[in-house]
There are 2 protein chains.
Amino acid sequence: MTIEAFVFDAYGTLYDVHSVSQLTEEEFPGRGDLITQIWRLKQLEYTWLRSQMQVYRDFWEVSEESLVYTLKAIGLSTDKVVVNRILDKYLHLDPYPDCLSALDALKGYPLAILSNGNQEILDKLVKNTGLDTRLQSVISVDKVKTFKPHPTAYELVEQTLGIKPENVMFVSSNSFDATAAKNFGFQVAWIERVTPEALAAEVASQEVVGPSTMFKLLRMQLENFGMEPDHRLTSLSDLASLIK
Amino acid sequence: MTIEAFVFDAYGTLYDVHSVSQLTEEEFPGRGDLITQIWRLKQLEYTWLRSQMQVYRDFWEVSEESLVYTLKAIGLSTDKVVVNRILDKYLHLDPYPDCLSALDALKGYPLAILSNGNQEILDKLVKNTGLDTRLQSVISVDKVKTFKPHPTAYELVEQTLGIKPENVMFVSSNSFDATAAKNFGFQVAWIERVTPEALAAEVASQEVVGPSTMFKLLRMQLENFGMEPDHRLTSLSDLASLIK
C-alpha cells in the first residue's frame, strides 16, 4: 500500500516523557523516577477515564490533575509553584536522540503529529525543539474534545491532511495507540523500544521489580487485542527503510 | 438524602481480586504477586481502551486477553491450560473478611451488585460464595456492552431497581468507580482500604517500591477529578453507620 504521509504520536514517540525525571529528582530527591513513572501511567488513565465519564478536560489540565494525584499518593508536597515548574517541562521535553535525523530522512513526505496534547502546548513544544520547520501539521485531539484511542480522534488526520487512512503511515511507540490506529485503518509502525526478550531479562535480574520496569511491563509491550501493527521497529531511524 | 438501596461494585469491593495470587504463585513461583498486580491493572485498562476504541468484548474475554498480555510481558508461558486454571479463580474469588457480615447488617434494604463482569460469571461467583441469598439483583454492564465509568453503565441501576440515583448508596473501593458514580448522581461510599498516611509510610519504608505498592499508588487513592464521594469508610462494616 502506498504511503502518502507519515503521522506521528508525540509523547513517548517523538518526545521522551521521562525526560522530566531530572527535574522531579531535583524537586524530590530519591523520588524523581517514581514520580515520572506513576504520573505518566495516571496521565493516560485520566484521558481514558474522562473520555468514558464524558467529562472532558484538555491535556494540560489532565496532566496537572494526574501530577497532583501522583505527588499526593506518594505523600509529597503539592505546592503550586513546584507543580507548575514540573508541568512546564512538557513545553520542553527532550526529543528522542533519533528523532530529528529520522524526520529528515523522510523529507519529501508530508509529516504531521496527531497528539492528545492541546494545540497551544503542542505548538510551543514543537517550536521549542525545532520540529516546527519539519512538520506540515500539528493536529490536536482537543478540536474534537476526546482522546485517543477514540476513532473520532484518528479521523482528524484525514480531515486535516486530506489523505485516506490506508495511505497514512501512523507511527507510535505507545502500544495502545499503535494497536488502536491499526484497528482504525491506518498503516502502522510501532516503535518497540523494549523487546520482549530485553524486558524478560530485566525482570529476571531484579529481586524486587521497580517502578521503571513496571512501566515497561504495563505500557511498552504489544497490547493483546488481536490487532497487529504492520511494522515493529526498534528505532525511529528504521522508518526510512519503509520508503526504499 | 434517603437511602433506598445499596448497590455494590464486585471486584475489589466485595471480592478480593488479589486472592488469585496464591494460585499464580503456585503456577509461577516467585512471580505470583507481580502477575496479579499487573493483570488487575491491565484488566481495567483493557475495559477502558476497548470502550474507547468501540470494540467491545465481555469481561471474561478482557480478563483472558489481559492475563495473556501479563504473562507474555513478564516472559512466562501462556499455556492455555494454565491460563484457564487462573481465570477460573474469578468464579471463586474470596469475599473480603467483612463482606458477609456487612451485607447482613444492611438487612431490610434492597442490596445489589453493579459490575463490569458478564452475567454468567457474576452469577456463578455470587452463588459459589453464598452471596446469592443476600442480593436482590446482580446487574452486569454486559447488557449495554460498555464498561464503567460510562454513564450508560450506571443507568442500569435505575432501570433494574426502579430507584433514582440520588436515593442509591453506591459502594465501591475502586477509586475511579466511586468518583465516576458520584459524578453520575449516586450517593457514594468509597471503601478506602489504604489511607494516604499508611501508603506514604509504606512507600517511605521501601528502598525499591515494589509491585503491590505500585498498585496501591496507582489505583487505591482518591482520584483527582474534583468529585468527592460522600463517605470515606475504611471497611464495609462501617456501612451500617450510614443507616443508624
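Every chain is numbered from 1 and lettered A, B, ... according to where its sequence line falls, protein lines coming before strand lines.
- For the atom pair B:T47 OG1 and A:W48 CH2, the distance stands at 10.5 Å (nearest 0.5 Å).
- The OG atom of B:S66 sits 9.0 Å away from atom CZ of A:F225, with the distance rounded to the nearest 0.5 Å.
- Smallest separation of non-hydrogen atoms from B:P211 and A:V209: CD-O, 3.6 Å.
- Note that the CG atom of B:L217 and the CD1 atom of A:I38 stand 4.0 Å from one another [nearest 0.5 Å].
- Considering only heavy atoms from C-beta on, B:M53 stays 4.5 Å or farther from A:F184 through its side chain.
- Taken from CZ in B:F176 to CZ in A:R50, the straight-line distance is 14.5 Å, to the nearest 0.5 Å.
- Inter-residue side-chain proximity for A:K148 and B:Q52 is flagged as unmet; no heavy-atom pair is nearer than 4.5 Å.
- Taking the side chain as every heavy atom from C-beta outward, B:M227 and A:V55 approach each other to under 4.5 Å.
- Counting only heavy atoms from C-beta outward, the side chains of A:E223 and B:E65 never approach each other to under 4.5 Å.
- Here the shortest heavy-atom pairing between B:A200 and A:G75 reads CB-CA, 4.0 Å.
- With contacts defined as side-chain heavy-atom distances shorter than 4.5 Å, the pair B:P151/A:Q54 qualifies.
- Of all heavy-atom pairs spanning B:N224 and A:Y46, the tightest one is N-OH, 2.9 Å.
- The closest side-chain heavy-atom distance from B:L34 to A:V203 is below 4.5 Å.
- The distance from the CD atom of B:E45 to the CG atom of A:L49 is 10.0 Å, given to the nearest 0.5 Å.
- Between atom OG1 of residue A:T213 and atom CD1 of residue B:I74 there is a gap of 11.5 Å, rounded to the nearest 0.5 Å.
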